[in-house]
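Every value quoted in this text rests on a predicted model; they were computed, and no experiment measured them.
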Amino acid sequence: MSKKRATFCEYGKIITMKKKTLKKTNALQLGIIVILVLALLSLGFYVRSMLEQIKKDPGNDPKPQQVYNVTLNDYKVYQFTDIRYDFIMASVTITSNQAFTLKEDPFTTSENTNLVDTKEYTDPLIAAGYKLQCPLPTSDTELSKTLCLFIPVINRSTNELILKVSIDRIYNLSFNMNDLTHAGTRAMLGVEEPVADFTASITAKSLISTKAFYTISNGDHVEAPFSSNSQVFGFQVAITNNTSTAFKIESAYLTIDGKGTFQTVDSTFLNDDQTPLLGVDIQTSSSGYLYIEVTDSAIDLYSLQNTAIHLLVKLSNKSGYIEILFTGNN
């Protein structure tokens with residue numbers, strides 16, 4: 001009987017110990033769960049804080065790469081004989097996908113002229129009444145700027161000018177100096193075209209026999225002495241005097257591309273077949289011939305293009321020689 005009681009007692013102890021162990025296990029599990037919950041909450045708050053910080057930090061906001069586009073909208077080329085340089089008025093637009101400002105001197109020409117200071121070229125024009133304006137109006141926004149550029153051209157024989165635009169790199173804009181569609185007039189800049197002192201053009205060219213020329217000796221006509229290689233080119237010139245003072249053609253000469261330069265026929269040689277113009281007073285309008293002695297019998301006048309023939313005259317009221325062009329080439 002005592003053994004059975006003892007055994008029941010032991011069972012009671014074992015049950016009590018299991019209950020205590022179970023309580024301890026439950027408490028430990030609860031503690032672990034609480035710790036995990038707190039850790040997860042802490043991690044959530046940390047992640048949220050980091051995300052908010054990233055949003056607030058502009059350095060972490062990815063931006064697209066800034067790109068530029070430079071466009072030549074339109075331009076006019078101004079070439080006046082009374083101005084010592086040519087110039088261009090150009091409308092240029094610069095755009096970007098982000099806001100931008102231009103540096104002070106982004107424009108340089110192929111003649112190494114910086115457009116930041118062109119006062120030595122613009123001041124005389126402005127003083128003469130020229131309004132230096134472009135074909136298109138200017139505009140300025142954060143993403144687009146349309147500019148009006150004055151571009152001097154120092155070398156008047158240049159056929160093409162390049163404008164270098166320095167932004168993130170060099171952008172090249174090309175200007176054709178000989179394109180008539182871009183030719184500018186004084187009227188475009190608010191100035192009237194001046195009336196020329198005279199107008200003149202070659203209306204005809206002829207091969208004239210040397211036997212048509214003569215001199216007078218003791219009252220007799222004597223055939224003019226030309227060399228065996230000489231031929232005479234005659235150019236009929238129509239000339240109008242737009243002033244109130246008479247002038248005359250004092251001298252002339254002919255240049256043929258690739259062939260040489262030739263002088264007028266001796267002024268003492270006479271010709272009754274055409275009306276001479278050399279040395280004749282021109283009051284209003286006149287038409288007559290200038291005779292050129294070409295000392296090369298191999299040159300064929302009629303096979304020459306008019307553009308290869310350059311007739312230059314010296315007027316009594318002008319200091320230098322002036323080229324007279326063929327009708328239709330003025």
When you measure from the side chain of [X] to the backbone N and O of [Y], does any donor-acceptor pair fall under 3.5 Å?
X    : Y    : value
D123 : A127 : no
S144 : T141 : no
E111 : N155 : yes
T118 : Y121 : no

Taking NZ, NE, NH1 and NH2 as the nitrogens, is one of them in D82 or R186 under 4.0 Å from a carboxylate oxygen of the other? yes
Strictly by modelled atom types, are [X] and [Y] linked by a side-chain donor-acceptor pair under 3.5 Å?
X    : Y    : value
D197 : N242 : no
S227 : N229 : no
T71  : N69  : yes
T240 : S285 : yes
T255 : T261 : yes
T146 : T93  : yes
E250 : S316 : no

Applying a strict under-4.5 Å side-chain criterion to I, L, V, M, F, W and Y, I'd like to know whether [X] and [Y] cluster together.
X    : Y    : result
L312 : I256 : no
I216 : V222 : no
L161 : L163 : yes
L189 : F150 : yes

Measuring only between side-chain heavy atoms, which start at C-beta, is L207 closer than 4.5 Å to Q231? yes
So which atom in K76 and which in G184 form the shortest heavy-atom distance, rounded to 0.1 Å? CB-CA, 4.2 Å
I would like to know whether Y171 and Y68 meet ring-ring contact (aromatic ring centres under 6.0 Å, His included); could you show each step before the answer? CA-CA 10 Å; Y171 299 82; Y68 295 90; 7.2 Å; no
Aromatic ring proximity Y253/Y321, centre distance under 6.0 Å: yes
In a check of side-chain contact (heavy atoms from CB on, under 4.5 Å) between T109 and each of V153, L115, N114, which one passes? L115
Checking L147, L173, V116, I151 against F107 for side-chain contact (heavy atoms from CB on, under 4.5 Å), the one that qualifies is L147
Y289 six-ring centre to K205 NZ/CZ under 6.0 Å and within 45° of normal: no
Pair Y130-Y78, ring-ring contact (aromatic ring centres under 6.0 Å, His included): steps then yes or no: CA-CA 11 Å; Y130 288 88; Y78 297 93; 8.3 Å; no
Mutual orientation of the aromatic rings belonging to Y75 and F175 [parallel < 30°, tilted 30-60°, perpendicular > 60°]: perpendicular
Take the angle between the ring planes of H221 and Y214 and call it parallel below 30°, perpendicular above 60°, tilted in between. parallel
